[in-house]
Each structure stands twice: as structure tokens, then as C-alpha cells.
There are 2 protein chains.
Amino acid sequence: MMELTRKGEYAIRGIIFLARSPKGKIALISEIADATDVPQTFLAKIFQAFAKLGLVNSYRGTGGGFTLGRPPGMITLREVVEAVEGPIMPNRCLMGGRGCEHDRKCLVHPVWRQVQEEVVKILDGVTIEDLARQEKPPEPV
Amino acid sequence: MMELTRKGEYAIRGIIFLARSPKGKIALISEIADATDVPQTFLAKIFQAFAKLGLVNSYRGTGGGFTLGRPPGMITLREVVEAVEGPIMPNRCLMGGRGCEHDRKCLVHPVWRQVQEEVVKILDGVTIEDLARQEKPPEPV
DNA sequence: ATAAATAGGACCAAATTGATCCTAAAGGTT
DNA sequence: AACCTTTAGGATCAATTTGGTCCTATTTAT
């Protein structure tokens with residue numbers, strides 16, 4: 001349960017690479033894919049999603065590529081993960097739209113809501129800047 | 001990300017039904033499946049997994065069926081979910097065995113670990129007894 | 001013009017999920 | 001012993017999701 005997919009992993013690796021590049025440098029998707037060991041065409045899709053959300057800027061044509069869309073300290077891990085994996089939702093019933101038939105009587109819902117909130121809180125508390133630092137923090141959390 | 005599968009949902013519904021049955025009453029899988037609106041053969045597999053872990057007792061033959069393996073207050077939501085979905089692991093890298101190649105340098109690991117611990121803590125804090133209560137608590141958490 | 005790059009859609013293989021079915025084994029009943 | 005009821009467990013299968021490729025636009029610098 002709760003496993004991050006490869007897409008999510010790749011997304012994180014890719015954007016961390018960008019954050020580690022010299023500020024303002026335009027990076028090619030081929031370059032990023034190479035450095036992070038991710039299939040290039042697959043990573044391209046991921047960066048398309050990033051671009052749509054403004055997490056990265058994309059430039060087409062000769063000399064084109066990607067840069068971070070915001071300072072890395074302003075991009076949260078949650079945004080990156082949700083960009084490619086969709087919203088963090090431990091149980092489909094939590095979805096706003098068409099509720100499940102068990103909605104009214106379901107005592108499990110509040111638990112999933114709590115899980116969701118906790119996870120969101122943690123992932124919102126970590127920025128790409130945090131992750132891009134070369135040195136590990138003194139004591140792993 | 002993090003969606004519970006149907007198997008997990010069914011598992012929870014099934015064991016809550018058992019917990020709501022008169023104590024000691026042997027329930028047929030057909031009965032449980034019927035009441036919880038779950039395909040019977042599928043639910044049977046789920047209860048097999050429960051039985052292996054001692055979450056339920058199974059009795060074969062005429063008059064056979066299932067009872068709770070422990071008082072419902074001693075069965076946690078985490079146990080039920082993990083029984084059918086496997087351990088709660090937000091990132092494969094967290095697995096003890098064969099670590100990923102990015103292990104040493106990966107700054108994301110501690111975050112996933114924290115997520116895992118938080119979720120486990122929440123699910124460990126909820127018992128089937130809690131969920132089996134007919135009345136909702138005053139304020140949904 | 002042309003070459004270099006991303007955008008986006010179509011497509012496809014592998015893995016996982018969500019089941020079903022069949023036979024075996026165990027335990028009552030007659 | 002024969003028989004019925006019930007779970008155990010393996011095999012199988014369809015649908016969905018995941019992981020990935022490929023091809024054709026479109027944009028932009030030279």
C-alpha cells in the first residue's frame with residue numbers, strides 16, 4: 001500500500017537535478033534523463049506536466065529546454081508528487097464528487113481523512129531546495 | 001497516490017461485519033459477502049489471509065465459518081489493511097532488503113520514512129472495535 | 001530554410017488488480 | 001461408510017494501471 005510509482009520517483013529525481021543545476025541554466029530533457037537514469041521520452045511527459053503547472057518553464061526550439069519555474073524553496077515535494085500522481089487520496093471515498101454509497105455510515109472515512117492530512121502536511125513541509133542540498137542533514141529524521 | 005484498493009476496502013468491511021455480529025457467532029462467508037456487498041469468492045481469499053494471521057478463526061465443514069480471532073479492540077486497522085495489501089511502504093527504497101542504488105545519496109528517504117511512521121501510527125491507533133460502533137463519534141475528526 | 005528542441009496524441013507491453021472456477025480437505029449428519 | 005456443507009488453495013482470466021515508445025506537430029534560433 002501507498003507505494004510511490006516510478007513516475008513519482010522519476011519526477012522527484014528530475015526536478016532535484018534541475019534545482020542542482022546552476023540557477024537560470026536551461027537544461028535539456030536528454031541531459032536530465034541521462035543524469036537521473038530515466039527513459040528520456042517518459043521523463044519528457046513528466047516535465048510536460050510540470051510545465052503546465054508552472055513548476056518548470058519550458059523553452060522550445062534551438063537552445064530550448066527547462067528551468068525551474070520558481071525558486072526551489074518555493075516548490076514543495078507535495079506539488080511534485082501530485083503533479084504526476086494526482087492528489088493524495090488514501091481512499092476513493094474521500095473524493096469530493098460522487099460519494100460512495102457507504103458514505104453516511106462509514107466510520108473509516110475520518111481515519112483516511114486524517115491520514116491524508118498528515119501526509120499532505122509532511123510533504124508540504126519539504127521543498128525541493130531541502131532535497132537538492134548535497135549534504136545530508138546531521139541526523140536523518 | 002496512496003489509494004486503498006478494493007481488496008483493502010472489502011477487508012475492512014468484512015471484518016467490521018464480523019465484529020458487529022453477536023460475539024462468538026460463526027458467520028458464513030456467503031453471509032458476510034452478502035451483507036457487505038462483496039463478491040463471495042473474492043472475500044473468501046481475504047478471509048483466508050485473515051485466518052493465516054490469526055485475525056479470524058476459521059472452521060470447516062457443516063456449521064463452519066468464521067469468528068473474530070481476538071477481541072475487536074485488539075485488532076488494529078493497520079493489521080487488517082496490511083493483511084491484504086502488504087506492509088505500508090510509501091517508497092520501495094524503504095524496503096530493508098535490496099536497497100536502491102540511490103540509497104546513500106537519497107535525501108528523500110527520510111521523508112518517506114516519516115510518512116510511513118505517521119500513517120502506521122494513525123492506523124495502529126484505530127481498532128476494529130472503534131470502527132464497529134454503530135454511532136458516529138460527536139465530531140468527525 | 002533548416003536544425004533543434006518541446007508538445008501532444010496514439011500506441012503498446014508488462015504488471016497489477018479484481019475477480020472466477022475447480023479440486024482438495026475437513027468436519028458434521030445420517 | 002456415504003454424503004453434505006463449508007473453508008483452503010491453486011489455476012486461470014479479464015480489465016485496469018503502469019511504464020514506456022513512437023510519430024507528428026509546433027516553436028524558435030541560426
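This one's a predicted model, so the numbers in the text were calculated from it and none came from an experiment. Note on naming: letters A, B, ... go to the chains in the order of the sequence lines (proteins, then strands), and numbering restarts at 1 for each one.
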By a strict heavy-atom criterion of less than 4.0 Å, which residues belonging to residues 47-68 of chain B are in contact with DNA chain C?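 Only B/Arg60, B/Gly61, B/Thr62 qualify.
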
Roughly how many Å is it from [atom1] in [X] to [atom2] in [N], rounded to a whole number?
X: B/Phe42; N: D/dA14; atom1: CZ; atom2: P; answer: 17 Å
X: B/Gln40; N: D/dA8; atom1: CD; atom2: C1'; answer: 14 Å
X: B/Asp37; N: C/dG18; atom1: CG; atom2: P; answer: 15 Å
X: A/Glu31; N: C/dA5; atom1: CD; atom2: C1'; answer: 13 Å
X: B/Ile46; N: D/dG9; atom1: CD1; atom2: P; answer: 15 Å
X: B/Glu3; N: C/dG18; atom1: CD; atom2: C1'; answer: 15 Å
X: A/Leu28; N: C/dA5; atom1: CG; atom2: C1'; answer: 8 Å

Which residues satisfy the side chain to side chain donor-acceptor pair (under 3.5 Å) test with [X], sequence neighbours excluded?
X: A/Ser30; answer: none
X: A/Ser58; answer: none
X: A/Thr62; answer: none

N/O (side chain, A/Thr5) to phosphate O (OP1/OP2, D/dG19) under 4.0 Å: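 It does, given that an N or O in the side chain of A/Thr5 lies less than 4.0 Å from OP1 or OP2 of D/dG19.
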
Side-chain N,O (B/Tyr10) to OP1/OP2 (C/dA19) below 4.0 Å: yes

Ion pair present between A/Arg6 and A/Glu9, side-chain N to carboxylate O less than 4.0 angstrom?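 A salt bridge is absent here (no side-chain N lies under 4.0 Å from a carboxylate O).
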
All pairs passing salt bridge (Lys or Arg N to Asp or Glu O under 4.0 Å) where residues 40-69 of chain A contributes a residue, at least two apart: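 Residue pairs with at least one partner in residues 40-69 of chain A: there are none.
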
A/Glu79 meets the side-chain contact (heavy atoms from CB on, under 4.5 Å) criterion, sequence neighbours left out, with A/Leu55, A/Arg70, A/Ile75, A/Thr76

List every contact pair, protein side and nucleotides 10-12 of chain C side both N or O, where the distance is under 3.5 Å.
none

Do any pairs count as a ring-ring contact (aromatic ring centres under 6.0 Å, His included) and have a residue in residues 51-83 of chain B, sequence neighbours left out, and if so which ones?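 Passing the test, one end in residues 51-83 of chain B: B/Phe47-B/Phe66.
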
Side-chain hydrophobic cluster, 4.5 Å single linkage: members besides A/Met74: none

